[in-house]
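Proteins get letters first, then strands, A, B, ... in listed order; numbering begins at 1 in each. These numbers come from the heavy atoms of this one structure, side chains and all, not from hydrogens, waters or symmetry mates.
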Amino acid sequence: MFGLGGAPQPSSQQKLSAAEAELDMVTGMFNQLVEQCHSKCINKDYYEGDVNKAEALCLDRCVSKYFETNVKVGEDMQKLGQSGQFMGRK
Amino acid sequence: MFGLGGAPQPSSQQKLSAAEAELDMVTGMFNQLVEQCHSKCINKDYYEGDVNKAEALCLDRCVSKYFETNVKVGEDMQKLGQSGQFMGRK
Amino acid sequence: MFGLGGAPQPSSQQKLSAAEAELDMVTGMFNQLVEQCHSKCINKDYYEGDVNKAEALCLDRCVSKYFETNVKVGEDMQKLGQSGQFMGRK
Amino acid sequence: MDQLNVKEQQEFQQIVEQKQMKDFMRLYSNLVSRCFEDCVNDFTSANLTTKESGCISKCSEKFLKHSERVGQRFQEQNALLMQNLQKQ
Amino acid sequence: MDQLNVKEQQEFQQIVEQKQMKDFMRLYSNLVSRCFEDCVNDFTSANLTTKESGCISKCSEKFLKHSERVGQRFQEQNALLMQNLQKQ
Amino acid sequence: MDQLNVKEQQEFQQIVEQKQMKDFMRLYSNLVSRCFEDCVNDFTSANLTTKESGCISKCSEKFLKHSERVGQRFQEQNALLMQNLQKQ
């Protein structure tokens, strides 16, 4: 999803591991998105089983802003890495 | 636990994977139950190391209600699936 | 980390599994430490991108107290195990 | 993602299927936990009250519809993101 | 669950044992995290106070007794559920 | 930890590298989730406001610096703990 991957001739095992890690990240991101937008947009009184119009509109914007946040965090991390301000966690 | 499984002649690997997934689900459910009932029933002032009588009674009912909730959610999901109101997540 | 391991002649697979479980525990503990000390010490108004002096001091003490808690919980569990007050979860 | 050959794609497909089973189980048990948390707060009896039972039904229906909608938007945004990455 | 043959049962038993080790470690680190969260709130020194230390002991003892009781009820309810499923 | 021989150490190194990739991805998506939670609360438009955008930058920078500091202290304390265990 973010152009990960790298060594010139990776083995089958490495490619599968990378693909699996990528799938896990996309799934993980989706799950966090579902949680965050539920907590930001959904009324927890449960008068109704439907997602109402106001909630639906909020959800659409929530997903859009979440993706923008995702891209922004990626850009910020790159800048921090290049500026040498952050040395890497390990 | 919920009668999962399926294809007529599954391989050893598939059967083990299914058994492992089932074990993970039961364990996961137990862990969530422990969390939920702790947050609903246990006084966090920690005057004492014992679970007192009121807490113990609350815990017993909490587990019972959690199982009932589990069965109810399963039934509701089946109904929603059959009525075609919910299309499946993927 | 806590002197786990055991059977006289473990197989390669068992040794790797144990080492992996140990790594997972240390990583898991580190992640929980990061969460806990963030919630105890870091101001979430985000006026600044830096960790200020008061926050840094709080973090250092937080890590120290977390390790002390870790050791204490280990000792308490051993005492409870020996006194037979707690039968083991499984 | 590095390109996978046919054999690798098949193996990957198996991994995906195993994960989908786990995902479904996770969805299910999270649904139970979430709706229990939001709807059940009376421990004077060992059985669900009518009110709690109704709340649980609406809670799970609403969560499923919620995650369906979020899933649709997620796919759209993901497709957009992929397009933009390929233009670069 | 599909029926497992003897060899499969042995393999499954190994998986179960590995998971139990992980479960124990998870229990342990969750206990540390939970009791730290509930008991430690004073960061004017780098060592636990007597009060915090006592709170941590009671917190972990109580959580272990709590999860033991929940575990007993869980097994009872699970057995009941299995019986009901087999009657159907 | 039981002693690992050279071959086992190599296998273990591979496991460690795979986990580091996963750890990085987890850090990344947790950063997104945390900063979204703390900074984004206005859903009258589909785009981030200037204020939200600034908040997100500071939030991620601060979290990375925070976890770097915690990591340093963690290693020091861990080394101390290991020394004490070996003395016993």
* Start with the C-alpha gap between Tyr28(F) and Met29(A), add the side-chain angles, then the distance that decides, and say whether side chain to side chain contact (heavy atoms under 4.5 Å, CB included) holds. => CA-CA 10 Å; Tyr28(F) 187 94; Met29(A) 184 189 155; over 6 Å; no

* Among Glu17(F), Gln18(F), Gln14(F), which one satisfies side chain to side chain contact (heavy atoms under 4.5 Å, CB included) with Ser17(A)? -> Gln18(F)

* To do: Check the pair Asn47(F), Glu68(A) against side chain to side chain contact (heavy atoms under 4.5 Å, CB included), reporting the backbone distance first and the verdict last.
  => CA-CA 7 Å; Asn47(F) 294 99; Glu68(A) 216 181 316; 3.2 Å; yes

* Name the region of Glu52(F), side chain, backbone, both or neither, that has any atom closer than 4.5 Å to a heavy atom of chain A. => side chain

* Asked: Top residue by heavy-atom pair count (under 4.5 Å) with chain F, among Glu20(A), Lys40(A), Glu75(A), Lys72(A)?
  -> Lys40(A)

* Asked: For the residue pair Ala21(A) and Met21(F), what are the closest heavy atoms and their distance?
  -> CB-CE, 3.8 Å

* To do: Dump the intermediate steps for side chain to side chain contact (heavy atoms under 4.5 Å, CB included) on Met25(F) and Asp24(A), then the final yes or no.
  => CA-CA 9 Å; Met25(F) 287 177 175; Asp24(A) 284 343; over 6 Å; no

* **Rounded distance [0.5 Å steps], OG in Ser53(F) versus CG in Asp76(A)** => 7.5 Å

* Structure fact -> Residues Met77(A) and Leu64(F): closest non-hydrogen pair is CG-CD1, 4.0 Å

* To do: Among Gly74(A), Cys62(A), Ser39(A), single out the residue with the greatest number of heavy-atom pairs under 4.5 Å to chain F.
  => Cys62(A)

* Option that, when pairs with chain F are counted at under 4.5 Å, heavy atom only, ranks first among Thr69(A), Val63(A), Val73(A) -> Thr69(A)

* Asked: Distance-only, no hydrogens or angles: does the Gln36(A) side chain make a donor-acceptor pair with backbone N or O of Phe36(F) under 3.5 Å?
  -> no

* Heavy-atom pairs under 4.5 Å with chain A are the metric here; pick the option from Cys39(F), Ser45(F), Ser60(F) that has the most. => Ser45(F)

* So which heavy atom on Ala46(F) is nearest to which on Ser64(A), and how close? -> O-OG, 2.6 Å

* What distance separates Phe43(F) CZ from Arg61(A) CZ, expressed to the nearest 0.5 Å? -> 10.5 Å

